[in-house]
Amino acid sequence: MIMDLRNSVLTTFLLGVLMLTTSSCKETYPPTDMTRNSIIPKPQSVVATNQTFVVDEGLSIRVEEGHEAFKKEALRLAGILKNATGVGFEVEEGDKAAWFGNTILINQSKADQNLPPSGYELDIKENLLTLTASSSEGLFYGIQTLRQLLTAQVEQAGGLQLPVLIPTGTIRDWPQYEYRGMMLDVARHFFDVPTVKRVIDYLALYKMNTLHLHLSDDQGWRIEIESWPNLTTHGGSTEVGGGEGGFFTKEDYKEIVAYAGDKHITIVPEIDMPGHTNAALASYPELNCDGKATELYAGTKVGFSTLCTDKEVVYEFVDDVIREISEITPGPYFHIGGDESHSTEQEDYEYFMNRAREIVKSHGKTMIGWVEVAHAGIDETDIVQFWAKEKNALQGAKKGAKLIMSPSKHAYLDIKYNEDSPLGLTWAGLTEVDDAYNWDPVTLVEGIEKVDVLGVEAPLWAETIETLDDIEYLMFPRILGIAEIGWTVREDRRWDEYRVRLGQHRDRMKAMGIDFYESPLVPWQEEASFFMDIEMTDEGGE
Ligand code: ACM
């Protein structure tokens with residue numbers, strides 16, 4: 001009895017100390033305001049509750065029991081925190097908050113039927129941060145948002161000092177378009193596996209889900225095809241300017257596909273045909289109508305090459321190439337180019353594209369073609385990628401095909417920002433950061449409706465670029481705007497508001513070592529502090 005009394009006195013005393021400690025901790029931290037975040041892409045809804053969730057050594061990360069895919073995402077979050085803070089937070093299984101300290105709880109949103117499959121909800125209270133989604137993809141996006149709430153230093157190894165304050169409130173978020181991508185041309189100049197992986201990292205941060213690889217063109221063939229080995233040994237041996245080129249072995253390609261898949265990014269392989277094929281025509285004489293191999297080409301002209309569309313061996317070649325690449329591509333798409341085939345008669349072009357399309361289907365893939373393919377026999381099972389000539393996009397949509405919008409005047413990352421840009425081309429004009437942001441996938445082509453649009457993609461052609469730094473310079477910051485166009489509702493996208501948010505991403509890009517273009521149109525500034533001088537308000541959203 002005495003012991004019991006003593007125990008209960010001790011317990012009360014300890015609890016008292018604990019409560020004092022906890023409440024005095026809270027008093028140390030000023031309120032924060034979630035609506036002041038600069039998240040890109042802008043979330044669907046943000047409701048602030050103006051308190052503070054503290055990440056410190058006492059944090060627990062918990063994930064729903066027995067859910068391996070979710071655990072993987074929880075471990076990813078722990079890995080991000082470990083890299084930034086040096087502290088290794090354990091991931092425990094469980095669906096309740098820890099009784100001591102703050103908790104990040106990762107859950108499947110069984111209750112919330114209204115959240116689309118790739119959506120997420122971040123509900124942040126003072127002691128409990130709950131991240132819910134119905135898929136691991138949704139969770140992944142929630143983690144990217146959380147990453148942006150953790151300030152720019154989270155991107156730097158050892159850059160984050162604990163405690164870190166996160167504003168409280170609720171973010172509910174999901175994408176507007178199913179396809180949100182970038183294209184990297186590895187044909188005009190070759191980029192190696194580590195460079196491609198870095199590009200994938202960047203896309204993942206901004207919730208993009210597709211990387212289209214332009215794997216062949218006049219200047220180079222960049223992927224191993226076992227049944228046609230000269231494509232790479234000869235056709236891959238140069239690039240624009242006459243450098244040594246290069247190619248991905250099948251193992252390299254699989255490594256890229258797996259790395260992308262881990263970040264919920266689908267690889268779309270493109271073999272451009274029947275034009276843009278000089279590297280193949282130089283490697284195999286039988287693909288040419290005159291039976292003679294062409295010379296390798298290291299210039300930048302377009303429209304001079306074509307496969308011989310009335311030779312059966314050409315279709316055997318196309319079948320082998322599409323089969324071998326499809327076998328190592330888990331994603332649903334195969335891109336067969338079809339652009340700028342100026343040396344192919346229109347009738348031959350249509351005949352060829354119809355057969356190539358059937359070959360793609362026979363290997364279980366959905367065909368994507370550049371907008372010119374709208375002239376061929378396509379239907380609602382195909383996808384047309386718009387880059388120029390609105391009337392062709394409309395024709396594609398009328399045939400029932402879905403559209404990927406890549407308007408060269410807005411979304412082409414290889415176009416110079418201004419006349420002084422050290423890299424890039426000017427054939428589509430100049431594309432400042434506002435031009436890359438100020439467009440909408442639905443209103444761009446008259447007669448198109450939202451249901452016609454699968455999504456957006458920003459192509460980066462590589463005539464003028466040779467290094468990761470070059471890629472970064474043309475990609476950043478325009479890619480953030482394209483990511484937002486693919487993700488955020490049109491009514492919430494306004495340049496004047498976006499440019500302020502973008503300006504606050506300077507520290508983040510710097511923390512990642514990105515060599516970006518500091519556009520004079522953007523008010524670059526330090527990332528907004530969530531800590532001080534913040535008005536208390538109960539209003540939700542921005
Ligand atoms: C293209 O820019 N030729 C698709």
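We use all heavy atoms of the structure for the numbers below, so side chains are in, but hydrogens, waters and symmetry mates are not. Along the sequence shown, the residues carry numbers beginning at 1. Remember, it's 1-based here, ligands and their atoms both numbered in the order they're listed.
Remark: the Glu432 side chain and the Tyr517 side chain contain an N/O donor-acceptor pair separated by less than 3.5 Å. For the residue pair Thr381 and Lys361, a side-chain donor N or O sits within less than 3.5 Å of a side-chain acceptor on the partner.
Within the structure, the side-chain hydrogen bond (donor to acceptor under 3.5 Å, both in side chains) test picks out the following pairs touching residues 264-274 (sequence neighbours left out): Glu73-His264, His212-Glu270, His214-Glu270, Glu270-Trp370. Listed by first and then second residue, the salt bridge (Lys or Arg N to Asp or Glu O under 4.0 Å) pairs that reach into residues 389-404 come to none, sequence neighbours excluded. Applying the side-chain hydrogen bond (donor to acceptor under 3.5 Å, both in side chains) rule to pairs touching residues 464-482 yields Tyr202-Glu472, Thr467-Asp470, sequence neighbours excluded.
The immediate protein surroundings of ligand 1, defined as residues with any heavy atom under 4.0 Å of it, consist of Asp339, Glu340, Trp370, Trp387, Tyr412, Trp461.
Ring to ring, Trp228 and Tyr284 are close: their centroids are under 6.0 angstrom apart.
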